[in-house]
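These numbers come from the heavy atoms of this one structure, side chains and all, not from hydrogens, waters or symmetry mates. We name chains A, B, ... by the order of the sequence lines, and we start the count at 1 in each one. What you see is a predicted model, and the numbers here were worked out from it, not measured in a lab.
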Protein chains: 2
Amino acid sequence: MVNVKKYKIGEFSQLVGLSTFTLRYYENEGIIKPHRDQSGMRYYTMADIKWVGFVLHLKGTGMKITALKEYVALRAAGDATIPARRALLAQVQKDCEAEIAERQANLQVLNHKIDWYDGKLDASISETESFETYLKRFE
Amino acid sequence: MVNVKKYKIGEFSQLVGLSTFTLRYYENEGIIKPHRDQSGMRYYTMADIKWVGFVLHLKGTGMKITALKEYVALRAAGDATIPARRALLAQVQKDCEAEIAERQANLQVLNHKIDWYDGKLDASISETESFETYLKRFE
DNA sequence: ACTTGACTTAGAGGGCACTATAAGGCTTAT
DNA sequence: ATAAGCCTTATAGTGCCCTCTAAGTCAAGT
């Protein structure tokens with residue numbers, strides 16, 4: 001079987017794009033649980049790559065380490081916690097959507113400001129029109 | 001005139017939703033420049049409200065304090081810096097768009113995971129189908 | 001044999017953006 | 001007059017998430 005390959009921390013670090021420091025930190029926090037060989041060396045498997053991949057997606061939504069820890073704890077507690085896990089992720093989802101919406105709203109203002117600069121630069125908008133006045137066009 | 005009202009820091013703080021600490025911090029960083037009365041008290045005007053409003057929009061796009069400081073410095077240097085200011089904001093715009101796209105991609109994964117939980121909960125997806133397998137449906 | 005990389009615990013350092021305190025003195029409103 | 005709120009500078013603390021070091025040991029590959 002090809003999927004039983006064991007990765008040592010350095011190799012794994014390269015694969016998932018996290019420093020060995022971070023990997024050990026996550027392990028301390030209980031987010032990643034590598035296996036150990038006879039001599040106490042950590043090793044990671046394909047399953048760990050997938051798990052870290054998922055964790056990174058969650059982190060990328062803005063999920064905090066503490067929430068991730070909760071999630072992991074629920075997972076460890078078995079199938080009975082599935083509704084709780086779903087609820088936790090649904091909250092993260094909601095927060096992430098709100099965050100994106102907010103960013104987009106702020107980006108809109110920035111976009112307008114850049115348009116305004118462009119208008120000013122090519123003189124298609126009055127030199128003296130204020131940004132506030134300009135913005136009102138879009139309200 | 002109604003627009004010459006002067007706001008003291010406490011009042012202004014309420015208006016813009018920043019603590020007095022933060023207002024003084026921003027002032028230290030050169031981002032906000034309140035006026036002073038005869039006795040040395042800070043006061044803010046309508047123009048300052050608008051400026052802080054814009055600053056908060058910029059911050060909301062993910063623009064850093066250092067970039068904000070650069071922007072303010074360019075503004076102070078006059079109209080000749082308009083192209084530089086535009087370039088600075090265009091970079092922020094680009095970064096913000098990239099950030100939003102990344103968040104959305106990560107959110108997609110989270111959405112799928114929640115769908116998967118829902119499928120599992122109402123048994124419309126096999127109990128044993130792994131998340132990874134499920135995810136492949138969308139690749 | 002030797003180099004490289006792994007192991008441990010515990011704690012320090014760093015970046016960012018605040019947030020707060022101290023301590024003493026002024027101003028403004030009731 | 002009294003209290004609330006403002007002023008100053010300088011400095012420390014907070015929260016998050018790493019990032020790194022120390023200091024000594026151990027194991028694997030060339």
Query raised in the report: Can you find a pair of side-chain heavy atoms, one from A/Thr81 and one from A/Tyr71, that are under 4.5 Å apart?
Result: no
Report task. Starting at atom CD of A/Glu29, determine the distance to atom C1' of C/dT9, rounded to an integer number of angstrom. Result -> 15 Å
Report task. Have a look at the helix from C/dA1-D/dT30 to C/dT30-D/dA1 and give the angle its two end axes make, five pairs each, rounded to 10 degrees. Result -> 10°
Requested in this report: Rounded to the nearest angstrom, tell me the gap between atom CZ in A/Phe12 and atom P in C/dC7.
Outcome: 12 Å
Nucleotide N/O to protein N/O under 3.5 Å, stretch nucleotides 5-12 of chain D:
unit_1, atom_1, unit_2, atom_2, d
D/dC6, OP1, B/Gly10, N, 2.8
D/dC7, OP1, B/Arg42, N, 3.0
D/dC7, OP1, B/Arg42, NH1, 2.9
D/dC7, OP2, B/Arg24, NH1, 2.6
D/dC7, OP2, B/Arg42, NH1, 3.1
D/dC7, O5', B/Arg42, NH1, 3.3
D/dC7, O3', B/Arg36, NH1, 3.4
D/dT8, OP1, B/Arg36, NH1, 2.7
D/dT8, OP1, B/Arg36, NH2, 2.9
D/dT8, OP2, B/Arg42, NH1, 2.6
D/dT8, OP2, B/Arg42, NH2, 2.7

**Report entry** For A/Ala80 against A/Pro83, the heavy-atom pair lying closest together
**Finding:** O-CD, 3.5 Å
**Report entry** Interatomic spacing from CD in A/Glu102 to NE2 in B/His57 - rounded to 0.5 Å
**Finding:** 10.0 Å
Query raised in the report: What's the CD-P distance between A/Gln38 and D/dA27, to the nearest Å?
Result: 10 Å
Query raised in the report: Backbone N or O of B/Leu18 within a donor-acceptor pair of the B/Ser13 side chain at under 3.5 Å?
Result: yes
**Report entry** Ring-ring centroid check B/Tyr7 B/Tyr44, cutoff 6.0 Å
**Finding:** no
Requested in this report: Kindly state which residues belonging to residues 97-105 of chain B come within less than 4.0 angstrom of DNA chain D, counting heavy atoms of the residue only, listed by number.
Outcome: none
Query - ring-ring contact (aromatic ring centres under 6.0 Å, His included) partners for B/Tyr43, two or more places apart - result: B/His35
So which protein nitrogen or oxygen atoms get under 3.5 Å of nucleotides 12-19 of chain C's nitrogens or oxygens?
unit_1, atom_1, unit_2, atom_2, d
C/dC18, OP1, B/Tyr26, OH, 3.4
C/dC18, OP2, B/Tyr26, OH, 2.5
C/dC18, OP2, B/Lys59, NZ, 3.2
C/dT19, OP2, B/Thr22, OG1, 3.4

Query raised in the report: Just wondering, do B/Val52 and B/Leu56 contact through their side chains at under 4.5 Å, heavy atoms?
Result: yes
Query - Geometric cation-pi criterion, B/Lys8 with B/Phe12: 6.0 Å, 45° - result: no
**Report entry** Separation between NZ of B/Lys94 and CG of A/Leu110, rounded to the nearest 0.5 Å
**Finding:** 13.5 Å
Report task. Give every residue pair that meets the salt bridge (Lys or Arg N to Asp or Glu O under 4.0 Å) criterion with at least one member in residues 58-70 of chain B, sequence neighbours excluded. Result -> B/Glu29-B/Lys69
Report task. Taking A/Asn106 for its side chain and A/Arg103 for its backbone only, find out whether a donor-acceptor pair lies under 3.5 Å. Result -> no
Query raised in the report: Hey, what do you get for CG (B/Leu74) to CG (B/Leu89), rounding to the nearest 0.5 Å?
Result: 9.5 Å
Report task. Answer yes or no for B/Arg86 and A/Trp116: cation-pi contact, defined as NZ/CZ to six-membered ring centre under 6.0 Å and angle to ring axis within 45°. Result -> no
